[in-house]
Q: 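One structure is given below, represented as C-alpha cells, and several questions about it will come after.
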Protein chains: 2
Amino acid sequence: MVAPSDVCSEKLFRPEEVERAREMVEQTPVDPLAELFKVLGDRTRTGILTAISSGELCVCDLAELFSVTPGAISHQLRLLKAHRLVKARREGKMVFYSLDDDHVAGLMSMGSDHVKEGR
Amino acid sequence: MVAPSDVCSEKLFRPEEVERAREMVEQTPVDPLAELFKVLGDRTRTGILTAISSGELCVCDLAELFSVTPGAISHQLRLLKAHRLVKARREGKMVFYSLDDDHVAGLMSMGSDHVKEGR
DNA sequence: GGTACATTTGAGCACATGTTCAAATGATGG
DNA sequence: CCATCATTTGAACATGTGCTCAAATGTACC
C-alpha cells in the first residue's frame, strides 16, 4: 500500500503527458491482456500450442512429447481452454486438443519474429 | 525427473503424429517465446507498455501512474529492456522510456483483439 | 567538492505457479 | 456389473516472481 503522490519533485512532474498515458491505460484491457500473456508465458503451454498447431493431439501424446505426467498436461490444457486458446474433441476414452483461435497462431508467429530478430 | 515412455498403452500411441509435432516444436524457439510472453504477462509491465505507447515517459511518471515505487518500475523496465521491448533515453537526471520495437505494439494489439473477442 | 534529486541495484519477503502423486470421473467392452 | 484405460481434479510442495525498503550510482548545479 503506497500513495506516492510525490514521487518526483513537483517541478519535474508533467501532468499532461501522464494524464494522456492514464487515459490510454484506462481504455485498454490491461489486466485481461496481462492474463492472456501470462498464460502464453510458460514453456509447457507454448510447447503445447506449437505442437498442436500442425494437428490435434491427445493428452497422453502431449505428456509423452514433453516428458511430464498427463496430470500436468491436463492442468495446463484447462488453463489454455479457459482462455479460449485450445478446444477439445472427445473420441472414445481420449480427448483431442487443437487450436481454438486464429489469434493464437498470429501471436505465436509475431512473437517468434521478435525473438528471432534479436539474432 | 520422469521418463514416461509408457504414458499411454502402446496400442493407442500414434508415433507419426507425435513425431510430426516434435519436429514442429524443435524448429520453433519455444523457450525464448515463452520467456517473451512471460515478460508481457504482468499487469505492471503491460501497463507500462500501454502507457508509453502514446509517447515516452520517465520512471517517476510511471511510478506515479501505477502507484508503485520507482524501484519497482525500474526493475520492470530493466526486464523489458533486456527483451528489447523498450529503449531508454537519458535527459539530465531523468531517463525516458519508449517502445523499442514494432512487434510490441502488434502483439499488444493482437492480444487485445483476442480478449475483446471473448465478449 | 558538495548537495539535491532521479534512477538503479540488492536483499528480503509474501505470494503465485507448475509439477507430482493419488484419488475421482468418464467411457469402452467383456 | 466389473475391469481397464484416458483424463480430470485436488492436495502438497518446491521454485519463481514482484514488491518494498535501503543503499549505491549518476547527473546537474551551486
Side-chain angles (χ1 to χ4, degrees), chain A residues 1-4 6-14 18 30-31 34-35 37-48 56-83 86-97, chain B residues 1-4 6-14 18 30-31 34-35 37-48 56-83 86-97:
Chain A
M1 236 64 87
V2 191
D6 53 318
V7 181
C8 319
S9 68
E10 254 173 277
K11 282 198 147 51
L12 297 169
F13 185 61
R14 293 142 328 129
V18 176
V30 174
D31 282 23
E35 281 305 304
F37 287 130
K38 190 177 296 186
V39 171
L40 295 173
D42 173 79
R43 41 177 331 208
T44 302
R45 292 191 291 268
T46 306
I48 290 173
E56 62 180 17
L57 290 176
C58 72
V59 175
C60 71
D61 285 342
L62 290 165
E64 158 80 20
L65 191 45
F66 297 111
S67 302
V68 294
T69 63
I73 295 291
S74 189
H75 282 304
Q76 306 297 20
L77 284 169
R78 183 229 278 266
L79 236 189
L80 291 169
K81 197 167 153 196
H83 288 265
V86 305
K87 61 185 177 219
R89 179 180 72 84
R90 177 138 224 156
E91 184 176 325
K93 284 180 267 195
M94 300 199 284
V95 179
F96 289 90
Y97 284 88
Chain B
M1 239 62 87
V2 191
D6 51 321
V7 181
C8 320
S9 69
E10 255 174 275
K11 283 197 148 49
L12 298 167
F13 186 60
R14 292 139 331 124
V18 176
V30 175
D31 282 22
E35 280 305 303
F37 287 130
K38 189 177 297 187
V39 172
L40 294 173
D42 172 80
R43 42 178 329 205
T44 302
R45 291 190 292 268
T46 307
I48 290 173
E56 62 180 16
L57 290 175
C58 71
V59 174
C60 72
D61 286 342
L62 290 165
E64 158 80 20
L65 190 48
F66 296 111
S67 302
V68 293
T69 63
I73 296 292
S74 188
H75 281 304
Q76 305 298 20
L77 284 169
R78 183 231 277 264
L79 236 188
L80 290 169
K81 196 166 154 197
H83 288 264
V86 305
K87 61 184 177 221
R89 178 180 73 83
R90 178 138 224 156
E91 184 177 325
K93 283 180 266 194
M94 301 199 285
V95 180
F96 290 90
Y97 283 88

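This structure is a prediction, so every number in the text was calculated from the model and none was measured. Lettering follows sequence order; numbering is per chain, from 1.
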Q: Please report, rounded to the nearest Å, how far the P atom of D:dG16 is from the CD atom of B:E35.
A: 12 Å
Q: If you look at every heavy atom in A:K93 and A:R90, which pair is closest and at what distance?
A: O-NH2, 3.4 Å
Q: Taking 4.0 Å as the cut-off, does a side-chain nitrogen or oxygen of A:Y97 come that near to OP1 or OP2 on D:dA6?
A: no
Q: Give the rounded distance in Å between these two atoms: CG of B:L62 and P of D:dC19.
A: 13 Å
Q: Grab the two heavy atoms, one from B:F66 and one from B:I48, that are nearest each other, plus how far apart they are.
A: CZ-N, 3.6 Å
Q: In terms of side-chain heavy atoms of A:V59, which of D:dT8, D:dC19, C:dG18 is nearest?
A: D:dT8
Q: Ignoring hydrogens, what is the shortest heavy-atom contact between B:A63 and B:T69? Give both atom names and the distance.
A: CB-C, 4.0 Å
Q: Distance check, rounded to the nearest 0.5 Å: A:C60 atom SG versus A:L65 atom CG?
A: 11.0 Å
Q: What is the separation between atom CE on A:M94 and atom C1' on D:dT8, rounded to the nearest whole Å?
A: 16 Å
Q: Compute the bend angle of the helix from C:dG1-D:dC30 to C:dG30-D:dC1 from the end axes (five pairs per end), rounded to 10°.
A: 30°
Q: Which whole-number value in Å describes the distance from A:R45 CZ to C:dG18 C1'?
A: 8 Å
Q: So which heavy atom on A:V18 is nearest to which on B:L57, and how close?
A: N-CD2, 4.5 Å
Q: In whole Å, I'd like the distance from the CG atom of B:L80 to the C1' atom of D:dG18.
A: 13 Å
Q: Tell me if a side-chain donor or acceptor on B:R78 pairs with a main-chain N or O of B:L80 at a distance below 3.5 Å.
A: no
Q: Less than 4.0 angstrom between a side-chain N/O of B:T69 and OP1 or OP2 of D:dC19, yes or no?
A: no
Q: Kindly point out which of C:dA6, D:dT4, C:dT20 is positioned nearest to the side chain of A:K93?
A: D:dT4
Q: With a 4.0 Å cut-off on heavy atoms, is B:K38 in touch with a base, just the backbone sugar-phosphate, or nothing at all?
A: sugar-phosphate
Q: Determine: side-chain N/O of B:R43 to OP1/OP2 of D:dG18, distance under 4.0 Å, yes or no.
A: no
Q: Quick one: is B:R90 getting a side-chain N or O under 4.0 Å of the C:dT7 phosphate, OP1 or OP2?
A: no
Q: Give the minimum heavy-atom separation between A:Y97 and A:A88, together with the two atoms involved.
A: CE2-CB, 3.5 Å
Q: Expressed in angstrom and rounded to an integer, what is the separation of B:I73 atom CD1 from D:dT17 atom P?
A: 19 Å
Q: To the nearest Å, give me how far apart CD (B:E64) and P (C:dC5) are.
A: 17 Å
Q: Enumerate the residue pairs fulfilling side chain to side chain donor-acceptor pair (under 3.5 Å) with a member in residues 38-47 of chain B, sequence neighbours excluded, ordered by first and then second residue.
A: A:D31-B:R43, B:R45-B:Q76
Q: Round to a whole Å and report the spacing from CZ of B:F37 to C1' of D:dT17.
A: 19 Å
Q: Is there a side-chain contact between B:L77 and B:L62, using heavy atoms and a 4.5 Å cut-off?
A: yes
Q: Let's see if you can work this out: which of C:dT9, D:dT8, D:dC21 has an atom nearest to the side-chain heavy atoms of B:S74?
A: C:dT9
Q: Identify which nucleotide among D:dT20, D:dG18, C:dT8 has an atom closest to any side-chain atom of B:D42, counting heavy atoms from C-beta outward.
A: D:dG18
Q: Please list, pair by pair, any protein nitrogen or oxygen found under 3.5 Å from a nitrogen or oxygen in nucleotides 10-13 of chain C.
A:
residue: C:dG10; atom: O6; partner: B:H75; partner atom: NE2; Å: 3.0

Q: Is A:Q76 near enough to C:dT19 that one of its side-chain N or O atoms lies under 4.0 angstrom from OP1 or OP2?
A: yes
